[in-house]
Protein chains: 2
Amino acid sequence: MASTAQFAEIANLAGDPARAAMLDALMDGRALSATELANVAGITPQTASGHLAQLASAGLILVQKQGRHRYHRLANAQVAQMVEAIMQVASGLGPARKPVRTGPKDEALRTARTCYDHIAGRLGVALADALVRGGHAEISRDGALITPKGLAFLSGMGIALTTPPRSKRVLCRPCLDWSERRPDLAGTVGTALCQHSLASGWIRQSEGSRALAITRKGEAAFREHFGVVLD
Amino acid sequence: MASTAQFAEIANLAGDPARAAMLDALMDGRALSATELANVAGITPQTASGHLAQLASAGLILVQKQGRHRYHRLANAQVAQMVEAIMQVASGLGPARKPVRTGPKDEALRTARTCYDHIAGRLGVALADALVRGGHAEISRDGALITPKGLAFLSGMGIALTTPPRSKRVLCRPCLDWSERRPDLAGTVGTALCQHSLASGWIRQSEGSRALAITRKGEAAFREHFGVVLD
DNA sequence: GCGATGGTTCGGGCATGGCCGTAGCATCGC
DNA sequence: GCGATGCTACGGCCATGCCCGAACCATCGC
């Protein structure tokens, strides 16, 4: 079983500002090099190296060496979900303490960003809303599903979902967006949607940030397929 | 937005062994006094008091004074879900390091326990399995739902679920059980089932533990209604 | 009222662990 | 080959924060 000691060990790893910044940066699902992570954490490479060793040894991240670089990424979706859950609680005390400082970079993140494997931010929420409005999905606080109609809708767009044999509905996971405080779609469906949007050139990952840029093509696609217009 | 500093602050609170033990103890959803929590954490009351003040000020727990006692409980389901997620990750590294020490107390926890608001352990998993087997529920990795048939089944048992107006299905949240590594039912449905089982005297909360005792009456009820027989 | 119990506050001891400078390995480009 | 770059290992400085003992406040039983 999971002893409280192990519990504390994991939480403690996430509890250091530098490591927290690293985990946050890795939440876009990409693999980052040690120096990149050192930068986002605002520490020297030596220190970062130590932190990364700890995270790796605990199994929170995976390291993949490629030439003289070593790329680090989150180990699995469970870790991502943990980070998500902590962020959820952390955002609860945010507004209560500081009146929310919204810089321009912050604004980009609010508009659209990746959340490990799916689209979050205003775009993510808007897409989820659109699917619900069109009768393609149902979302509640506890869960979400894609209706048969929605399944056809998505597959018509080239997004194929592997349906479990017994069920006619495809269940998916709602993820309470910490900036919008409304649910977006995560899990298998969210991943597929995000992948497809990237592959189609609707959105593009920014270089040093979790922010997503919506391309001109994407603007049109989201409006046409989903009726989504941001701002 | 949730800054990484706030993220680290929250994670750090959960990252201390003493506080971790407290949060774990509070995961049964009950409210415990300061001394009780000091005991489970293995520290003196003074120290516990300090920890509890921190947890309360961060909004992780709520304090309710009653006479000369002060009862502490988890602030909300989000905190519980965070603890759950961390435990999930922590249990991942458990078996890999130690061959798992199963004491008698541990065995009781594995059989049945509360997980904030629902039933976990072998009983929780067995109930979820039974609902699926009977066509009352569908569960996938990403989500779960109660079928109309299941809705009738539960309401026939006296468990009324508030159905969202637009949907005929009741979505619910699967919770990957850390001991069984299989899903049990959380969220609204899980809560209702747990409440009903307690109210009907099918299960009873143990005094100083999260373990649930299955009563003789409960044994019969679970067998009759769900076809569930443990061991 | 008075003792007993539950809880908190304060102060100081002490260990843990984060941080960086220096130095040492690996790999790449040429 | 040789320098440059990415990363890691070691040692020492230093702050954070956990812990307890002692004292103080609140509440209960009587």
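Order of the sequence lines fixes the chain letters, A, B, ..., with proteins taken first and strands second; residue numbering starts at 1 for each chain.
- Here the C1' atom of nucleotide D:dC7 and the CD1 atom of A:I61 are 14 Å apart, to the nearest Å.
- Contacts of B:T44 classified as side chain to side chain donor-acceptor pair (under 3.5 Å), with partners at least two apart in sequence or in another chain: B:Q46, B:T47.
- At whole-Å resolution of the value, CD in A:Q64 and P in C:dT27 are 16 Å apart.
- You'll find the side chain of B:T188 stays beyond 4.5 Å of the side chain of B:R173, heavy atoms only.
- Nearest-nucleotide positions on DNA chain C place B:H69 closer to the 5' end than the other of A:Q66 and B:H69.
- Under the ring-ring contact (aromatic ring centres under 6.0 Å, His included) criterion, the residue pairs touching residues 180-204 of chain A are A:H196-A:W202, A:W202-A:F222, A:W202-A:H225, with sequence neighbours excluded.
- Distance OG/B:S49 to CZ/B:R70: 8.0 Å, rounded to 0.5 Å.
- Remark: B:R113 is positioned above the aromatic ring of B:W178, its terminal NZ or CZ atom under 6.0 angstrom from the ring centre and at most 45 degrees off the axis.
- Side-chain atoms of A:S3 come within 3.5 Å of backbone atoms of A:Q6 as a donor-acceptor pair (strictly under, hydrogens ignored).
- Applying the salt bridge (Lys or Arg N to Asp or Glu O under 4.0 Å) definition to pairs two or more places apart or across chains, those involving residues 28-50 of chain A are A:D28-A:R30.
- Residues B:L193 and B:L185 have side chains not in contact (no heavy-atom distance under 4.5 Å, counting atoms from C-beta outward).
- Ion pairing between a basic and an acidic side chain is recognised when a charged N comes within 4.0 Å of a carboxylate O; B:R210 and B:D24 show such pairing.
- Over its length, the helix from C:dG1-D:dC30 to C:dC30-D:dG1 turns its helix axis by 40°, as judged from the five terminal pairs at each end, rounded to 10°.
- Side-chain contact annotation: B:T215 with B:R204, donor-acceptor N/O pair under 3.5 Å absent.
- Residues from residues 31-41 of chain A placing a heavy atom under 4.0 Å of any atom in DNA chain C do not occur.
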Review point. Could you write nucleotides 17-27 of chain D as a row of B, S and -, 5' to 3', where a protein heavy atom under 4.0 Å of any base atom gives B, of only sugar-phosphate atoms gives S, and otherwise -?
Key: -SSBBB----B
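- For the pair A:R70 CZ and C:dC25 P, the interatomic distance rounds to 17 Å; values are reported in whole Å.
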